[in-house]
Amino acid sequence: MNTYGRYPVVLRKGRGMKVWSSDGKENLDFVAGVAVNILGHCHPRVVVAIQKQSQRLLHVSNYYYIEPQIKLAKLLVENSFADKIFFCNSGAEAVEAAIKLARKYSKEKNGPEHFEIVTAKNSFHGRTLAALTATGQEKLQKGFEPLVPGFKYVPFNDIDALGKIITENTCAVLLEPIQGEGGVRLPDMDYLKKVRGLCDEKNLLLIFDEVQTGMGRTGKLFAYEHFGVTPDIMTIAKGLGGGVPIGAMLATDRVASAFQPGNHASTFGGNPLVCAAAVATIETLLEDGFILDQCNRMSAYFMERLEELKEAFPKLIKEVRGKGLLIGMELTKEGDSIVKACLEQGMLINCTAGNILRFIPPLIIQRKDIDQLMNVLKEVFSGLS
Ligand SMILES: Cc1ncc(COP(=O)(O)O)c(C=O)c1O
């Protein structure tokens, strides 16, 4: 259906940072399937895990235990705040699961009037109806009303506004630790800690949507680690499967206990094939911390080179910001023509929120890849001014 504004290119093959189009042209990929391919395209360990699992067992049902899902749940529990995991197939589904769990827990614990969830303006949580309602962007909601009842919005990074909007009906606060689709917006370092404090004081659940920021994207396995706070519930997807569709909703034992058999489910959620790919992805990511180190080193270099561009093009570039390899460059004009010009020169980049160039490459990126992009960006920017 006509749901995507696609570029006139057919991509056929990928390895590491590179993707080739059907005409044989080589491209460097700074989009990575929108922050999905954290280990690059077709990482050998992920490919082998998929090959092996596909010969053993593709799908059964969540009526039974399966080894790859057990292994994956264990890895996630050992490396996060969480005690329990629900597996699904996408980010939006993980958000739906989080909303359901928060409502169920709060109603049982605090009474049936506790159902409202506060989210941030300019946030992004997905396209299914409740996730879309949670998304604080009217332009994305327009035409799909009536939306799901029980959501309120406050400006991101404004603790006073959050304090004021909480009522006796509030059950949870849902935030991206760093807003991704909304334009790579970082909060003040103490904001999330204050939010945690407020949630504790008012007996509310704190939900972090780490669909985009999780799985090493910001230089730590999960972005909440930068801010010294833990949520009660967290959603992840994108990078989790190293390229295959899998999402997860993580929670503490206390909160997860609100779900009983029959309360929530997914036919494909956490099936053997995707879990095997996700296990290979996380194991590779965590091995010796090598890839996270590489992400942080390349982040510093990337930002430095973008700052140089900002100095060279002060009228065009307003700000460079980001964490790890979730980097945004705010322009004073719309960015789509720049994305197209870069594509013509073999560089896949993304633009979000109209005027923010977003760079979300695989975490295995090297200096030479960044240098190549800088040469192209310089040329494209020069052509504009
Ligand atoms: C923070 C966040 N939450 C949820 C989603 C929705 O994920 P999906 O497209 O897998 O449904 C996205 C997608 O960009 C996201 O960035």
Side-chain angles (χ1 to χ4, degrees), residues 1 3-5 30-38 86-102 117-137 139-141 144 148 151 153 156-157 172-187 192 206-218 221-224 226-227 231 233-250 266 268-270 274 277-278 281 322-328 350-354 356 358-361:
M1 288 200 190
T3 53
Y4 304 100
F30 292 82
V31 181
V34 193
V36 166
N37 304 309
I38 51 173
F86 174 82
F87 290 106
C88 52
N89 314 285
S90 66
E93 278 176 80
V95 170
E96 295 281 333
I99 292 167
K100 282 181 71 176
L101 180 62
I117 297 182
V118 181
T119 75
K121 288 184 180 162
N122 202 39
S123 58
F124 187 85
H125 298 291
R127 303 290 192 155
T128 54
L129 259 185
L132 180 66
T133 309
T135 294
Q137 299 193 52
K139 66 174 192 290
L140 301 182
Q141 297 168 337
F144 301 107
V148 175
F151 287 87
Y153 314 94
F156 187 56
N157 200 28
V173 176
L174 163 60
L175 295 172
E176 298 158 85
I178 296 169
Q179 292 190 332
E181 300 297 306
V184 189
R185 295 184 194 277
L186 288 89
L192 295 174
L206 178 57
I207 309 169
F208 282 157
D209 181 348
E210 294 232 23
V211 166
Q212 186 151 157
T213 54
M215 301 312 298
R217 172 62 46 199
T218 68
L221 187 58
F222 302 112
Y224 70 74
H226 292 290
F227 301 99
I233 301 175
M234 178 171 78
T235 54
I236 56 174
K238 289 197 184 278
L240 177 58
V244 301
I246 176 168
M249 187 268 285
L250 295 73
S266 165
F268 286 121
V274 294
T281 304
K323 196 99 190 153
L325 287 168
L326 173 55
I327 298 175
N350 170 256
C351 177
T352 189
I356 313 225
R358 184 173 43 163
F359 307 101
I360 36 181

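In listed order, ligands and their atoms are each counted from 1.
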Numbering as shown, the atoms of ligand 1 that approach Gly126 to under 4.0 Å (heavy-atom distance): 4 (C), 6 (C)
Under 4.0 Å to a heavy atom of Ser90 - the qualifying atoms of ligand 1, by number: 10 (O), 11 (O)
Residue Glu181 vicinity, atoms of ligand 1 by number, heavy atom under 4.0 Å: 14 (O), 16 (O)
Any chance you could lay out the salt bridge (Lys or Arg N to Asp or Glu O under 4.0 Å) test for Glu181 and Arg358, step after step, and finish with the verdict? CA-CA 9 Å; Glu181 300 297 306; Arg358 184 173 43 163; 2.7 Å; yes
For Asp209, what residues pass the side-chain hydrogen bond (donor to acceptor under 3.5 Å, both in side chains) criterion, not counting sequence neighbours? His125, Thr235
Based purely on interatomic distance, does Ala92 place a nitrogen or oxygen under 3.5 Å from a nitrogen or oxygen of ligand 1? yes
Going through the distances and angles, do Leu101 and Ile233 end up as a side chain to side chain contact (heavy atoms under 4.5 Å, CB included)? CA-CA 9 Å; Leu101 180 62; Ile233 301 175; 4.0 Å; yes
Close N or O approach (Gly91, ligand 1; < 3.5 Å): yes
Gly136 to Tyr153 - nearest heavy-atom pair and separation: CA-CD2, 3.8 Å
Is there a polar contact, in the sense of an N or O pair closer than 3.5 Å, between Gln212 and ligand 1? yes
Gln212 and Glu176 side chains, donor-acceptor separation under 3.5 Å: no
Subset of ligand 1 atoms that lie under 4.0 Å from at least one heavy atom of Glu176: 1 (C)
Taking every non-hydrogen atom, the tightest pair across Ala130 and Phe151: O-CZ, 4.0 Å
Quick one: pull up CG in Leu240 and OG in Ser90 and give me the separation to the nearest 0.5 Å. 11.5 Å
What residue and heavy atom of the protein are closest to atom 3 (N) of ligand 1, and at what distance? Asp209 OD2, 2.7 Å
Within-cut-off N or O pair, Lys238 and ligand 1, under 3.5 Å: yes
Heavy atoms of the protein only: does one fall short of 4.0 Å from atom 11 (O) of ligand 1? yes
